[in-house]
> 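The structure follows.
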Amino acid sequence: LAKTTQPISMDSYEGQEVNITCSHNNIATNDYITWYQQFPSQGPRFIIQGYKTKVTNEVASLFIPADRKSSTLSLPRVSLSDTAVYYCLKAAGNKLTFGGGTRVLVKP
Amino acid sequence: GAVVSQHPSRVICKSGTSVKIECRSLDFQATTMFWYRQFPKQSLMLMATSNEGSKATYEQGVEKDKFLINHASLTLSTLTVTSAHPEDSSFYICSARGTGGYNEQFFGPGTRLTVL
């Protein structure tokens, strides 16, 4: 199962919007795009999931263009506590395959 | 959201001993649970898929005789690392598949295993 591709790291400042783009060129028709957040020495935490267009919840927004070959996770007005690794995954069948993730550092 | 617990949270053992890690879904039933391993600064790697009442399905390269998985009930799966060695030291994380959302998985807090 081909993994997704996302930037290794990103720096931001408190109060800014953070956008993380993930590439998934060979996404299958049945695949959903799912994002997880992981703090050090903790299990991943589900953030958001979508199939196409835009999905928004209390934590983030997820934008998926019509061709579904990429997606962008948007974190509005980040705080220091949003410093974490963010994983973009294709949910294929029963398995989740984790790529390298994006290490987001929020600075004061 | 659904809660998954793991016990113990951390364990230190001597080389050659066996260690059992428990994964429990606290407020829902999980017919399928997953076990992952994560080395420092690396991503999670799926080790095996655990199905209640049947044998686990292991990923390529994972030794089934070394990493014994038992999923005896709808709320409990166990991973036993047999004859542990220092190279088995890692962060072991389980997840349970929920009933809502497509393939939504709820992750446990992880177990830090250190083999001396």
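Within every chain, numbering begins at 1; the chains are lettered A, B, ... in the order of the sequence lines, protein sequences first and strands thereafter. Owing to the predicted nature of the structure, the values given are computational and were not obtained by experimental measurement.
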> With only heavy atoms counted, which part of B:L46 is less than 4.5 Å from chain A, the side chain, the backbone, both or neither?
side chain
> Is it the backbone or the side chain of B:Q6 that comes under 4.5 Å from a heavy atom of chain A, or both, or neither?
neither
> So which heavy atom on B:S43 is nearest to which on A:F98, and how close?
OG-CB, 3.2 Å
> Going only through I, L, V, M, F, W and Y residues with side-chain contacts under 4.5 Å, is there a path from B:V19 to B:M33?
no
> Only heavy atoms, only distances under 4.5 angstrom. Which residues in residues 99-108 of chain A are near chain B?
A:G99, A:G100, A:R103
> According to a hydrophobic-cluster definition based on side-chain heavy atoms being under 4.5 Å apart (Ile, Leu, Val, Met, Phe, Trp, Tyr only), do A:I20 and A:V59 belong together?
yes
> Could you state whether A:I64 and A:Y32 fall into the same hydrophobic cluster, counting links through intermediate Ile, Leu, Val, Met, Phe, Trp or Tyr residues with side-chain heavy atoms under 4.5 angstrom apart?
no
> Hey, does B:L44 have a side-chain heavy atom less than 4.5 Å from the side chain of A:Q38?
yes
> Using the rule that two of Ile, Leu, Val, Met, Phe, Trp, Tyr join whenever any of their side-chain heavy atoms come within less than 4.5 Å, decide whether A:Y51 and A:F63 are in one cluster.
no
> In terms of heavy-atom proximity below 4.5 Å to chain B, should A:Y87 be classed as side chain, backbone, both, or neither?
side chain
> Has B:K66 got more than 12 heavy atoms of other residues, nucleotides or ligands less than 6.0 Å from its NZ?
yes
> Using a 4.5 Å heavy-atom cutoff, which residues in residues 6-16 of chain A come close to chain B?
none
> Are A:L75 and A:F46 in one and the same hydrophobic cluster, where Ile, Leu, Val, Met, Phe, Trp and Tyr link if side-chain heavy atoms are under 4.5 Å apart?
no
> For a side-chain contact (heavy atoms from CB on, under 4.5 Å) check, start with the C-alpha distance between A:L96 and B:Y36, then their side-chain angles and the critical distance, and finish with the verdict.
CA-CA 10 Å; A:L96 294 179; B:Y36 297 81; 3.8 Å; yes
